[in-house]
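Before any comments, here is the structure.
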Amino acid sequence: MAQIEQDSRFIATHLGDDYEKYLGAVVPPVFMNSLHVFPNTQAYLNFDITDPEQYTYGRVANPTVRIVEQKIAALEKGAMALCFASGMAAATTAVLSVCKAGSHVICVKNIYGPMKNFLEQYCVQTLNMSVTFVKGDCIEDFEAAITDHTHMIILESPTSLVFTLQDLAAIAKLAKKHHITTYIDNTYCTPLYQNPLELGIDLVMHTTSKYLGGHSDLIGGVLVSNDHEFMQKKVSVMREFLGGISGPAEAWLVMRGIRSLEVRLPVHQQTALQVANFLEGHPLVERVYYPGLKSHPQYELAQRQQKGSCGLLSFELKTDPDTTRKFVDSLKLFKIGVSWGGFESLVSLPCYNSSEQTCSWLGCSRGIVRIHCGLEGAENLIEDLRQALEQIK
Ligand SMILES: *Cc1c(COP(=O)(O)O)cnc(C)c1O
């Protein structure tokens, strides 16, 4: 039994489903209550916030949320997970749990946009922190940026527009030497395709709004770590201060999404690889950004570090941004939208309104197209792309 309990398929389908506790319900219920009452004052006075079996108030903990936290901690091979109302609630809580006024952080420059804005517009301006942005594809980038005040290294691998990777084991080793906390946004790979804690990273974040939820019907986030004490004393306390815990209904939806992650993700991957190969072979396509392609500049690292790639990729056409826009408007199956990780295929032009300066900093062109390959079938998606490319020939 010990072995099956570590099998991601068992964790996703059954871990934490305590039939005895929940009247034999095959699916644990949503605990839609804001508080738990005590039988007497002694029990109330004895309440132990560190005991995962005890509950008092919904901003502190909730049984449905805790089941999901158990599942995600086990999938990420971590000791403890905490769920949040959004990926950004998880990310900002992580920074505020690790850093203080005056802290210096090193962050990959292709980090998720709102996270970059949080660092620049809040941490720097209000907390007097400083940030060094690095490309992140070589260890020297990080080595050179470390100062006596560096408290955190913020990673996202691969990044979700140009899909640059960081060597997680090497960075973790360097950071440990300098007592710096390492953090990664692991949303792209999900716990099935990358386990950064095993490579020495301290803190893992996922937006459950993407693949973990998987059905574009919720917003949520999670932090996972092997350091139980840090999670208990810092992250959990900060979650209580900021009030960013996941709602129970969203947690329940995440739990449902996780059950089928193991069958959904390989389909997203397969589809994306077929689509990426089609695009790469098309005469109107300039460049495809996808870590699963042999042409990816860090393909070897992706093979070593990740168990797979998902359904999100970008590409550039051999034309100007306005013709690219016409191509996007000609797509029928791909819907125009910003998110990803759900059942549906999506397309966006993330840099269309950006300056040339911003684009060159990001390492792409204004016309870069990002697509999420959903579950509509590779041949159907390829046909849609083919007909839209015909329109701009
Ligand atoms: C969507 C996203 C986030 C933010 O998650 P929310 O749940 O929307 O707050 C963070 N990182 C990445 C890579 C994302 O795609």
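Atoms within each ligand, like the ligands themselves, are counted from 1 in listed order.
For the pair R366 and Y352, the cation-pi criterion (under 6.0 Å, within 45° of the ring axis) is fulfilled.
When only modelled atom types and interatomic distance are considered, S8 and E262 share a side-chain donor-acceptor pair under 3.5 Å. Using modelled atom types, one finds no donor on one side chain facing an acceptor on the other under 3.5 Å when comparing Q54 with D48. No side-chain donor from either of S309 and Q269 sits under 3.5 Å from a side-chain acceptor of the other. Judged purely by distance below 3.5 Å, without hydrogens or angles, the side chains of H206 and T190 never pair a donor atom with an acceptor atom. A side-chain N or O of S365 and one of E316 form a donor-acceptor pair less than 3.5 Å apart. Donor-acceptor pairing under 3.5 Å is lacking for the side chains of E356 and S360.
At a 4.0 Å heavy-atom cut-off, ligand 1 touches W340 through the side chain alone. By the criterion of a heavy-atom distance under 4.0 Å, the side chain of E156, and not its backbone, is placed next to ligand 1. With a heavy-atom cut-off of 4.0 Å, S86 touches ligand 1 through backbone and side chain alike.
When Y188, Y112, F84 are checked for heavy-atom proximity to atom 8 (O) of ligand 1, Y112 turns out nearest. Within the set V222, L218, D185, the minimum heavy-atom distance to atom 13 (C) of ligand 1 is found for D185.
Residue-ligand proximity, G87 to ligand 1, at heavy-atom distances under 4.0 Å covers atoms 5 (O), 6 (P), 7 (O), 9 (O).
The protein non-hydrogen atom at the shortest distance from atom 9 (O) of ligand 1 is M88 N, 2.8 Å. For atom 3 (C) of ligand 1, the closest heavy atom belonging to the protein is T207 OG1, 3.2 Å. Protein heavy atom in closest approach to atom 14 (C) of ligand 1: K210 NZ, 2.9 Å.
A salt bridge does not link E376 to K335: none of the charged side-chain nitrogens sits closer than 4.0 Å to a carboxylate oxygen. Salt bridge K116/E120: present, at least one basic N to carboxylate O contact under 4.0 Å.
Any N or O atom pair closer than 3.5 Å counts here, and I219 shares no such pair with ligand 1. Taking only nitrogen or oxygen atoms, main chain and side chain alike, S160 does not reach within less than 3.5 Å of ligand 1. Note: an N/O pair closer than 3.5 Å links S209 and ligand 1 by distance alone.
Look at G220 and you'll find a heavy atom under 4.0 Å from some atom of ligand 1.
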